[in-house]
There are 2 protein chains.
Amino acid sequence: MKPIKISEAVVRRLPIYLRFLNELSLSNIQTVSSQDLGEKLDLNPAQIRKDLAYFGEFGRKGVGYNVDYLIEKIRQILKLDKTMYVALVGTGNLGRALCNYNTYIKDNMKIVAVFDADESKKGTQINHMTVRPMQELSASVQQLDISVGIITVPAPEAQNVADQFIAAGIRGLLNFAPVVLKAVPGVRIHNADFTAELLSLAYYMDHINEAKEGDE
Amino acid sequence: MKPIKISEAVVRRLPIYLRFLNELSLSNIQTVSSQDLGEKLDLNPAQIRKDLAYFGEFGRKGVGYNVDYLIEKIRQILKLDKTMYVALVGTGNLGRALCNYNTYIKDNMKIVAVFDADESKKGTQINHMTVRPMQELSASVQQLDISVGIITVPAPEAQNVADQFIAAGIRGLLNFAPVVLKAVPGVRIHNADFTAELLSLAYYMDHINEAKEGDE
DNA sequence: TAGATTGTTAATCGATTAACAATC
DNA sequence: TAGATTGTTAATCGATTAACAATC
């Protein structure tokens with residue numbers, strides 16, 4: 001309907017809003033203003049209003065936003081009103097950690113299949129799921145209606161895994177491996193690149209030339 | 001010396017450059033052009049040249065950049081020419097996964113102390129480190145010259161842990177908990193928020209109204 | 001010399017913020 | 001009615017890209 005292009009920056013903030021609204025809802029808070037949200041989320045209130053206004057008129061002037069209504073709306077926007085099925089490849093420490101997060105990701109994204117290239121892992125249980133061999137990837141993606149893949153394999157294997165996901169018809173990938181995957185049309189790739197996040201943190205360490213209070 | 005403010009976007013790309021340059025170096029490739037880099041990293045070559053030019057003239061016209069020299073320079077810029085010590089709090093699956101990444105983070109960032117609020121975890125070994133109780137956090141940060149803290153505790157505890165880190169004099173925090181931490185001057189906070197990354201991925205799933213090839 | 005590629009300026013594009021009329 | 005807060009326009013700010021002279 002609306003042909004307006006929504007910027008990535010806007011979409012990236014929606015889950016942040018959603019998360020905090022969920023907290024408010026649990027505390028039985030029914031109304032929230034862009035002012036309140038801005039303070040808690042360290043964002044400009046005007047930006048929050050503008051972000052939301054791209055998708056509709058969700059607030060009431062002089063009043064604010066109804067928390068539960070806004071939750072519902074943001075979930076619709078993100079297409080999390082129906083469950084989205086996810087597959088994960090790579091059952092190292094990180095992969096297992098993410099599988100157990102399933103509890104947390106109650107936001108209608110559900111890891112339903114886990115894979116590992118290592119044959120010896122086959123049949124192992126992780127959070128009530130049986131680890132499958134890579135040969136089953138394509139069939140599982142189709143059968144289980146999986147649209148998103150999570151990649152938690154070592155860097156050198158990541159592109160290969162991505163290629164297999166893409167061949168299987170995946171729609172989106174969340175890549176934890178520290179490599180830049182080749183982009184392909186029709187497949188959205190997000191990176192969860194904490195090594196880069198950590199290294200860039202170093203840059204800011206001494207630029208703050210603040211008072212050293214200790215010479216002990 | 002140079003009073004030019006470097007944007008966050010630029011700093012965030014530096015580790016990406018560094019990572020790929022390290023790969024090139026391992027393959028004994030000695031020279032690289034912004035063109036090459038742009039193709040492999042899916043970035044505009046002009047942007048790469050501009051990013052690097054903020055910090056000096058590292059390339060040679062008509063030739064390109066010397067890989068090892070550029071690595072050295074980027075490491076200097078990020079202040080990774082000397083080892084930076086890191087503490088981690090929260091020894092769940094994710095925390096343990098990150099500790100074992102130490103091998104990978106050979107980029108002069110080193111996790112040297114691990115903490116957990118759960119007293120029963122005290123004394124456990126993770127990647128040759130002994131898990132310490134939270135009471136020791138402040139002393140350890142001082143004694144071990146720790147400047148960066150990693151937070152891998154459940155969301156409700158994250159702010160408390162951040163406060164303790166800040167009180168101990170930490171300079172930077174990498175937060176994996178899905179909450180927005182209160183900003184304080186002099187402490188840089190980066191978020192490694194993969195739940196947000198995953199949820200925002202959902203948004204893009206059906207906007208691509210591509211041909212559905214299957215009606216089986 | 002001819003070809004390649006940088007460093008940098010100018011042009012474009014996009015995102016954030018301020019301001020305010022509309023209205024609850 | 002007075003106070004509060006949205007939705008939205010306009011102004012500002014910042015980041016990306018194109019273009020090209022300089023030069024290896």
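Only this structure's heavy atoms are used, side chains among them; waters, hydrogens and symmetry mates stay out. Values in this document were obtained by computation on a predicted structure and should not be read as measured data. Protein chains get the first letters and strands the later ones, always in sequence-line order, with residue 1 at the start of each.
For the pair B:Lys5 NZ and D:dG14 P, the computed distance is 9 Å after rounding to whole Å. Distance A:Tyr54 OH to C:dA15 P: 7 Å, rounded to the nearest Å. Rounded to whole Å, atom P of D:dT16 lies 12 Å from atom CD of A:Glu8. To the nearest angstrom, C1' of D:dT5 lies 17 Å from CZ of A:Phe58. With rounding to whole Å, B:Asn66 atom CG is found 16 Å from D:dC24 atom P. Atom CG of B:Asp36 is separated from atom P of C:dT5 by 7 Å (rounded to the nearest Å). Spacing between atom CD of B:Gln47 and atom C1' of C:dG7 amounts to 15 Å, rounded to whole angstrom units. Rounded to whole Å, atom P of D:dT6 lies 17 Å from atom CZ of A:Phe55.
The cationic atom of B:Lys79 (NZ for Lys, CZ for Arg) lies less than 6.0 Å from the six-membered ring centre of A:Tyr203 and within 45° of the ring axis.
With a cut-off of 3.5 Å on both pairing distances, the Watson-Crick or G-U wobble partner of D:dC13 is C:dG14. Look at D:dC20: its Watson-Crick or wobble partner, with both distances under 3.5 angstrom, is C:dG7.
Side-chain contact of B:Asp163 with B:Gln159: a donor-acceptor pair under 3.5 Å is present, judged by distance alone. Donor-acceptor pairing under 3.5 Å is recorded for the side chains of A:Ser34 and A:Arg49. One side chain, A:Ser33 or A:Asp36, offers a donor N or O that lies under 3.5 Å from an acceptor on the other.
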TODO: Report the C-alpha separation of B:Lys82 and B:Gln76 in whole Å, then their side-chain angles, then the decisive distance to 0.1 Å, and conclude whether the side-chain contact (heavy atoms from CB on, under 4.5 Å) test is met.
DONE: CA-CA 9 Å; B:Lys82 53 180 170 19; B:Gln76 278 173 16; over 6 Å; no
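Residue A:Arg60 is classed as a sugar-phosphate contact, given heavy-atom separations below 4.0 Å to backbone atoms only.
Proximity of A:Ser34 to the phosphate of D:dT5: no side-chain N or O atom is located under 4.0 Å from OP1 or OP2. Checking the phosphate oxygens (OP1, OP2) of C:dT16, no side-chain nitrogen or oxygen of A:Arg49 falls inside 4.0 Å. A sub-4.0 Å separation between OP1 or OP2 of D:dG14 and a side-chain N or O of B:Ser7 is absent. For the OP1/OP2 pair of C:dT16 and a distance below 4.0 Å, the side-chain nitrogens and oxygens of A:Arg13 include at least one atom meeting the criterion.
In terms of position on DNA chain C, the residue among A:Val63 and B:Tyr65 whose nearest nucleotide sits closer to the 5' end is B:Tyr65. Along DNA chain C, the nucleotide nearest A:Leu43 and the nucleotide nearest A:Lys61 are compared for position; the residue whose nucleotide lies closer to the 5' end is A:Leu43.
Side-chain atoms of B:Ala46 lie closest to D:dA18 of the nucleotides C:dT6, D:dA18, D:dT9. Nearest nucleotide to the B:Lys50 side chain, out of C:dT9, C:dG7, D:dT8: C:dT9.
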